Protein chains: 2
Amino acid sequence: MKKIPSLIDVARRAKVNISTVSRVINQTGKIGAETQERVLKVMRELGYKPNRVARRLRTQAGSTHLLGLIIPNIQNIFFADLARGVEDVAYKNNFALLLCNYDEDEAKERFYLDVMQSESVDGIIIPPIQETDQAVLQVVRNGTPVVCVDRSVSSGNLDKVEVDNHIGALRAVEHIISRGHRRIGVIGGPLDSSTGRERLRGYKDAHAQAGITLKTELIRFGDFKQHSGRVLAHELLSLSDPPTALFVCNGLMMAGALEAIAARGLKIPRQVAIVGFDELTLADVFNPPLTVVRQPAYEVGKCAAELLLKRIEDPKRPASSLKLLPELIVRKSC
Amino acid sequence: MKKIPSLIDVARRAKVNISTVSRVINQTGKIGAETQERVLKVMRELGYKPNRVARRLRTQAGSTHLLGLIIPNIQNIFFADLARGVEDVAYKNNFALLLCNYDEDEAKERFYLDVMQSESVDGIIIPPIQETDQAVLQVVRNGTPVVCVDRSVSSGNLDKVEVDNHIGALRAVEHIISRGHRRIGVIGGPLDSSTGRERLRGYKDAHAQAGITLKTELIRFGDFKQHSGRVLAHELLSLSDPPTALFVCNGLMMAGALEAIAARGLKIPRQVAIVGFDELTLADVFNPPLTVVRQPAYEVGKCAAELLLKRIEDPKRPASSLKLLPELIVRKSC
DNA sequence: GCAAACTACGCAAACGTTTGCGTGAACGAC
DNA sequence: GTCGTTCACGCAAACGTTTGCGTAGTTTGC
């Protein structure tokens, strides 16, 4: 329970003013070589570590070395990968990370946004809960750098990095069609999310390209959670004229759909083919191995963090918008 | 870019001293009903949010409402679940969470421990990298509450919550033996981790109980990562007298082992049975569904956070040590 | 050889809180 | 009517930094 040394302790021991110590730490201002040496020595002896809280309090923005990341759920592997991406670049630049799960709950999102501001983070990475997310817009109005990931936010000039959901879905469904399928069921995401909408658009465009007319009974909307994947797959497969292939718009719903297929004892891909959005842990050793479109989640996080750091350094730089390409991994399920 | 209101702004507008405002916020001290009303009104008008940084700076410990969580890798679903557990109880108690991945890298662990202290977190949850983890011992010596999870730390009286790895492994291997197997290969974890050791002990004890003598060539040690699972499974299956069943000591290595089995075109469980440690995303819809021992990761995180909060409230309470029971989920892979 | 410029460092304010102490007013007891 | 108590609130220090300004002492320019 020994006292943690502060600037004052170092200063006293080195017989200089605290401002001098501060300056050798931050390498700002002119310091005599000899003094510098002495201060550094004392710092080592005392095991001095700068107090980040005090530093944050003093300097308003840009040097707190703390980033905020607010995601729906860390248990979703997509966001875990993404988080890992931002963490890695944060660590490389000596930033720490404040991480929160908001669970698609607006109150929680608001709470955590408040916390972040109140913690004086240098910047925030967030997949906005809504297209027009007043809470995050308020934050950027307060002057905190924000970059949006995964989903877009309607209002203008924010940095953002997304994956090209349209092209991903398009390629996936094109592939399904190229395998000869004409009745393709889709388990989509919520239409009020850009991801849900874009993936559905890919599905539709692929049909249009191939001259296949859409059947509304084959189009179902889930909530990106496992449960909805299961029940919607059951619904689709219970149709009097069931689809011969399924396109499932995220990883968790994919797991649910596979449950339904297993429960019905259907053989993949003979009785029903399937391709999912998002890579899954055992996808490549599944029987049969699962055809999926892999999202570059780690890269999304990495790019977002890099963008954020750039903006922190230069708050006036024009907003940039990245769109990363997903990759269709063709295995045996379709 | 408007100025964020501070205590001073509220005080001025309500025509009181800042200390009064502080007192109505914290509900400490006597305040006149009328004054209180006025101050609250002004706070609402201005949208005042207390500055957590200043608060943390002023009060030394116990009320910063910030918890630290340092884990090996958030991409490991076990730790993601665990993290979710602590996050949930943190949120319920209005705590925020500082999350870091240390990647089994001692330098990173040290860096993040420094950050945590420097951020004046109220407490830290960590799976110590070593049995005798000097860095974390130093932290508790400095007076920061710490609870260890998953792995134990040798030195005395720390709060900790683990899962009973011995009983988990014992039950698993008992089950394998009950299926008639006598040559059981094990892909274990590093022996310098308590988890690795305890699971191996379970494996051995199950053999002893059944009167089966251990064959050293059937015992291999990985590093809990996917790659080692694959190569060790290949090694075991290449033996002139290969095992008829495999016990794999964590989830990632399980995925690797399944890769190896798939590559060799072996049928589970006919040609080789397998049971793993850790539940996996598609385990229940795998073909065949995977028999695993499920660790209560979420509960571990939950309990750890609750323990930590208790200790923060009362730093002198005796250390408690929880051991949660894992669950053998028998499916079809053995 | 002297003004100007620079070097190396100290002084003190400021960041937004919390909190011990002080104090005037109201109040109850006698 | 006096005195002690309680109430409601103000004053100012403190937490550990950063940083603009000031200032001795030294160097440079000519």
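Order of the sequence lines sets the chain letters (A, B, ...), proteins ahead of strands, with each chain counted from 1. Computed over heavy atoms, backbone and side chain alike; hydrogens, waters and symmetry mates excluded. It should be emphasised that the depicted structure is a prediction, and the values quoted were computed from it without experimental measurement.
- For Arg38(B) and dA8(D), the CZ to P distance is 14 Å, given to the nearest whole Å.
- A straight line from NZ of Lys30(A) to P of dT27(D) spans 16 Å, rounded to a whole angstrom.
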Under 3.5 Å, which donor-acceptor pairs link side chains of residues 305-313 of chain B to any protein atom two or more places apart or in another chain?
{"unit_1": "Arg311(B)", "atom_1": "NE", "unit_2": "Asp159(B)", "atom_2": "OD2", "d": "2.3"}
{"unit_1": "Arg311(B)", "atom_1": "NH1", "unit_2": "Pro315(B)", "atom_2": "O", "d": "2.9"}
{"unit_1": "Arg311(B)", "atom_1": "NH1", "unit_2": "Arg317(B)", "atom_2": "O", "d": "3.2"}
{"unit_1": "Arg311(B)", "atom_1": "NH2", "unit_2": "Asp159(B)", "atom_2": "OD2", "d": "3.2"}
{"unit_1": "Arg311(B)", "atom_1": "NH2", "unit_2": "Arg317(B)", "atom_2": "O", "d": "2.6"}
{"unit_1": "Arg311(B)", "atom_1": "NH2", "unit_2": "Pro318(B)", "atom_2": "O", "d": "3.4"}

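- The side chain to side chain contact (heavy atoms under 4.5 Å, CB included) test applied to Arg23(B) returns Ser19(B), Thr28(B), Ile31(B), not counting sequence neighbours.
- In this structure, Ser22(A) and Ala33(B) both approach DNA chain D, and ranking their closest nucleotides by distance from the 5' end singles out Ala33(B).
- Looking at residues two or more places apart in sequence or on another chain, you find a side chain to side chain contact (heavy atoms under 4.5 Å, CB included) between Ser118(A) and Arg52(B).
- For Ala135(A), the side chain to side chain contact (heavy atoms under 4.5 Å, CB included) partners are Glu109(A), Arg110(A), Leu113(A), Asp133(A), not counting sequence neighbours.
- One atom, CD of Glu34(A), and another, C1' of dT7(C), lie 14 Å apart when rounded to the nearest Å.
- As judged by a 4.0 angstrom heavy-atom cut-off over every strand, Val53(B) is placed among residues making no nucleic acid contact.
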Detail all sub-3.5 Å separations between protein N/O atoms and N/O atoms belonging to nucleotides 11-16 of chain D.
{"unit_1": "dC11(D)", "atom_1": "OP2", "unit_2": "Asn17(B)", "atom_2": "ND2", "d": "3.1"}
{"unit_1": "dC11(D)", "atom_1": "N4", "unit_2": "Ser19(B)", "atom_2": "OG", "d": "3.0"}
{"unit_1": "dA14(D)", "atom_1": "N3", "unit_2": "Arg58(B)", "atom_2": "NH1", "d": "2.9"}
{"unit_1": "dC15(D)", "atom_1": "O2", "unit_2": "Arg58(B)", "atom_2": "N", "d": "3.4"}

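- In terms of the ring-ring contact (aromatic ring centres under 6.0 Å, His included) criterion, residue partners of Tyr112(A) (sequence neighbours excluded) are, by chain and number, Tyr91(B).
- Taking 4.0 Å as the cut-off between side-chain N and carboxylate O, Arg13(A) and Asp9(A) do not count as a salt-bridged pair.
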